[in-house]
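For the numbers below, each heavy atom of this structure counts, side chains included, while hydrogens, waters and symmetry mates do not. Convention: sequence-line order gives letters A, B, ...; per-chain numbering from 1.
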2 protein chains.
Amino acid sequence: MTKARVTVIDIAKAAGVSKSTVSLVLQGSSLVNEATRAKVNAVMRELGYVYNRGAANLRQAGAKSRIVGVVVNDLTNSFFAELAVGVDTVVQSAGFVQFLSNTGESIDRQREVVASMREHGISGLIVSPARATDAADFKPLVAAGIPVVVVVRNLPGAKVSSIVSDNRAGMVSAVKHLAGLGHKRIAFLGGFPDTAVFDDRLAGYRNGVDAAGLDYHEGFVISSAPSRAGGVEAIGKAIALGRRPTAAVCFNDAVAFGVCDGLRARRLEPGTDFAVVGFDDVIEAQAAVPALTTVSVDPQGIGRRGAQMLLKQINAGKAEAETVTTAVRLVVRESCGAGKSVTSKQDAV
Amino acid sequence: MTKARVTVIDIAKAAGVSKSTVSLVLQGSSLVNEATRAKVNAVMRELGYVYNRGAANLRQAGAKSRIVGVVVNDLTNSFFAELAVGVDTVVQSAGFVQFLSNTGESIDRQREVVASMREHGISGLIVSPARATDAADFKPLVAAGIPVVVVVRNLPGAKVSSIVSDNRAGMVSAVKHLAGLGHKRIAFLGGFPDTAVFDDRLAGYRNGVDAAGLDYHEGFVISSAPSRAGGVEAIGKAIALGRRPTAAVCFNDAVAFGVCDGLRARRLEPGTDFAVVGFDDVIEAQAAVPALTTVSVDPQGIGRRGAQMLLKQINAGKAEAETVTTAVRLVVRESCGAGKSVTSKQDAV
DNA sequence: TGACATAATTGGAACGTTCCAAATATCTAA
DNA sequence: TTAGATATTTGGAACGTTCCAATTATGTCA
């Protein structure tokens, strides 16, 4: 019902002190007498005071807004939702709040939300960039002293910190596992070739093929949209090949699910007639039938790690661009044809 | 590289006008001459000016921060992630940004994040409250003139707007469908009885049972955690009953998946030996085997609708508490034993 | 008691914007 | 040419906080 805002001045008047003292209390300064502190706090509760952070960071010019921006390219994908949760937990417990925006892979939208966040005075930004993001897009931010951490997809050329999972090592272990099961013809299915993640995973595939002493066939690399539909399409092409593969590592789990669909449509049972391995370990992977053998990347962990890195840089005041690749591990389930519920841990290099 | 912030005053000096004029340009006022506007805009671009919204809303006291707070109880649940995306799309295109926080069903955390959001001066709040949230918790907000929209779970007694799906009608149609397939003994499985959503869905179940001319057995209502594990537990109890049910409507899809697991563990095939219907229509529902018959509630739609309602109230300046229940429809797939991929639409009352 | 250190408090000025009332420039018609 | 209108521009004074330098209260020692 009270129309006007309660300000420090109101508190000061009611408590019989000066606004400066109230401010000191607000900041938990040790300068203020215990009795006055108690008094002031009591009055604040009584009048229903709410701190105006906007006014505060107007004064303390620097990056003290206690807001971190989080931008993800596809929140409907549970991988990124988990990532956001990971960020949120550490950000929250550090007393920050997060601006979360979804770009849906639109670079324009990404530009807009980043601009908006900047106007709101974020102290730092965590971003999983939309496809084909220009590395220069974040230049102004870092120039203004706002730390930026890029996650999941790295941005070659941008001088910012980044955290990506060890895509290469993950694929190596996936291929090795299949080779260990006796497969000689292993395909790489799905994904758009214009992304850094694709390059890494493909490189891992090639390494794995070499390491297993198998021949590398260019025809076994079949790209497609990184989606379920893309997986269906890719397996269709793979099966049409003369010497068809007997197993596949997939760009990600969505593709792997599509591959399973496509196999069944051709009366082939994934896991029995054809081995399938995914990448990401989304929640659905273990509930699916057959349960998906996949490379687990722990998106929440990446989110937490990214948030920690960002907070460190915010507190340090200066942003050393550092790059971290997080370990992944192969989770063996059923779709690769190995025994049920055997889990092999394999740390990445 | 430039150390100091660029302000309107810098722009004014460089453009040879007064700060007031620059401010006018910023607000797109029609008072300012076209030539000066162009000049000012050019200088702003040149100097890399970024608007300081914090300073702005300090002056224009009201709720013009263009921030909406979004609080959800479980972002790892794709239902709520979708909801957040729905909110984000309309909020973004209205030129607002969203603060998104996850409470993980913790009331303390919820209190914290709401307080923090308030300090940051949100213009409105959309919340899917944590379990056992006190309706009075949002009193201060509305008293301060900040519109609040509660979604998904309603908060009886709180004088705020709310959007919930038509839980009752959804359950009625689910039960009717099962009865139409010839089932006489239909159970209601899963969910915690202390929530309004549970009450609504249970009421719908009873209505449906009555409408189908069946007898209502108290023993057929078996509550449990609203999770996969809870579903396993509930179906176990149901099967142990003397006259066991032949079909079940479940509190939500997670429970339904658990029920399917539990059935298989007892060598019963869901869809063939026992009919299962879920609620929510999460993404996994159509990919599962058997595909889940369920009541679809379109979380993105709820998010969009909630955001629209909130923005309307923000713009109106005054918040009429209004309550909306959104229509749901039964999506018939395989787990109920009916034919494959037949979709019956049924609008809610 | 005086002198000095220490503890606690305090009034402006500043942060970057918007608003207001008032000033100036430009146009129109007599 | 001038009065009155209209179109544009403009200096302060806010907004709610923090910071600084300065002030006042309190304690200690000889």
Side-chain angles (χ1 to χ4, degrees), chain A residues 2-41 43-44 47-67 118-123 144-145, chain B residues 2-41 43-44 47-67 118-121 123 144:
Chain A
T2 23
K3 210 62 238 168
R5 224 182 196 302
V6 181
T7 83
V8 277
I9 302 200
D10 301 321
I11 303 297
K13 261 182 213 136
V17 296
S18 78
K19 61 182 170 35
S20 304
T21 304
V22 177
S23 173
L24 256 11
V25 171
L26 247 17
Q27 308 172 253
S29 162
S30 61
L31 285 176
V32 37
N33 183 293
E34 210 41 62
T36 29
R37 178 197 309 283
K39 171 79 182 167
V40 169
N41 278 324
V43 174
M44 289 201 298
L47 299 193
Y49 170 73
V50 344
Y51 184 67
N52 184 335
R53 235 168 250 277
N57 31 285
L58 183 53
R59 188 56 176 88
Q60 30 183 77
K64 298 213 61 194
S65 69
R66 319 227 80 179
I67 303 176
R118 228 191 132 184
E119 293 184 354
H120 282 282
I122 53 172
S123 338
Chain B
T2 21
K3 209 64 236 165
R5 224 181 196 303
V6 181
T7 83
V8 277
I9 302 202
D10 301 322
I11 303 298
K13 262 183 211 135
V17 295
S18 79
K19 60 179 171 37
S20 304
T21 304
V22 177
S23 173
L24 257 12
V25 171
L26 247 18
Q27 308 172 251
S29 162
S30 60
L31 285 176
V32 36
N33 183 292
E34 209 41 64
T36 29
R37 177 196 309 282
K39 171 79 181 167
V40 169
N41 278 324
V43 173
M44 290 201 297
L47 300 193
Y49 171 74
V50 345
Y51 186 66
N52 185 334
R53 234 169 251 277
N57 16 293
L58 184 53
R59 190 56 177 84
Q60 31 181 74
K64 298 213 57 195
S65 70
R66 320 226 77 175
I67 302 176
R118 231 193 127 184
E119 293 185 353
H120 282 283
S123 338

Working to the nearest 0.5 angstrom, can you tell me the gap between [X] [atom1] and [Y] [atom2]?
X     : Y     : atom1 : atom2 : value
B:T7  : B:K13 : OG1   : NZ    : 7.5 Å
B:I67 : B:R53 : CD1   : CZ    : 8.5 Å
B:N41 : B:K39 : CG    : NZ    : 11.5 Å

Check the distance between [N]'s [atom2] and [X]'s [atom1] and give it to me in whole angstrom.
X      : N      : atom1 : atom2 : answer
B:M44  : C:dT17 : CE    : C1'   : 13 Å
A:R53  : D:dT17 : CZ    : C1'   : 12 Å
A:E119 : C:dG16 : CD    : C1'   : 13 Å
B:Q60  : C:dC20 : CD    : P     : 11 Å
A:L58  : C:dA14 : CG    : P     : 14 Å
B:D10  : C:dG16 : CG    : P     : 8 Å
B:N57  : D:dT17 : CG    : C1'   : 14 Å
B:Q27  : D:dT9  : CD    : P     : 15 Å

Check: residues 24-34 of chain B side-chain donor-acceptor pairs under 3.5 Å, at least two apart:
residue	atom	partner	partner atom	Å
B:Q27	OE1	B:S23	OG	3.1
B:S29	OG	B:L31	N	3.0
B:N33	OD1	B:A35	N	2.7
B:E34	OE2	B:R37	NE	3.4

Practice task
Determine the minimum heavy-atom distance between B:L47 and B:D10, stating which atoms define it.
Solution key: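 B:L47 and B:D10 have their closest heavy atoms at CD1-O, 4.4 Å.
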
Practice task
Determine the minimum heavy-atom distance between B:A144 and B:R118, stating which atoms define it.
Solution key: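 Nearest heavy atoms, B:A144 then B:R118: CB-NH2, 3.3 Å.
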
Handout entry: Protein proximity profile, nucleotides 5-13 of chain C - base contact B, sugar-phosphate-only contact S, no contact -, cut-off 4.0 Å on heavy atoms
Key = ---SBBBBB

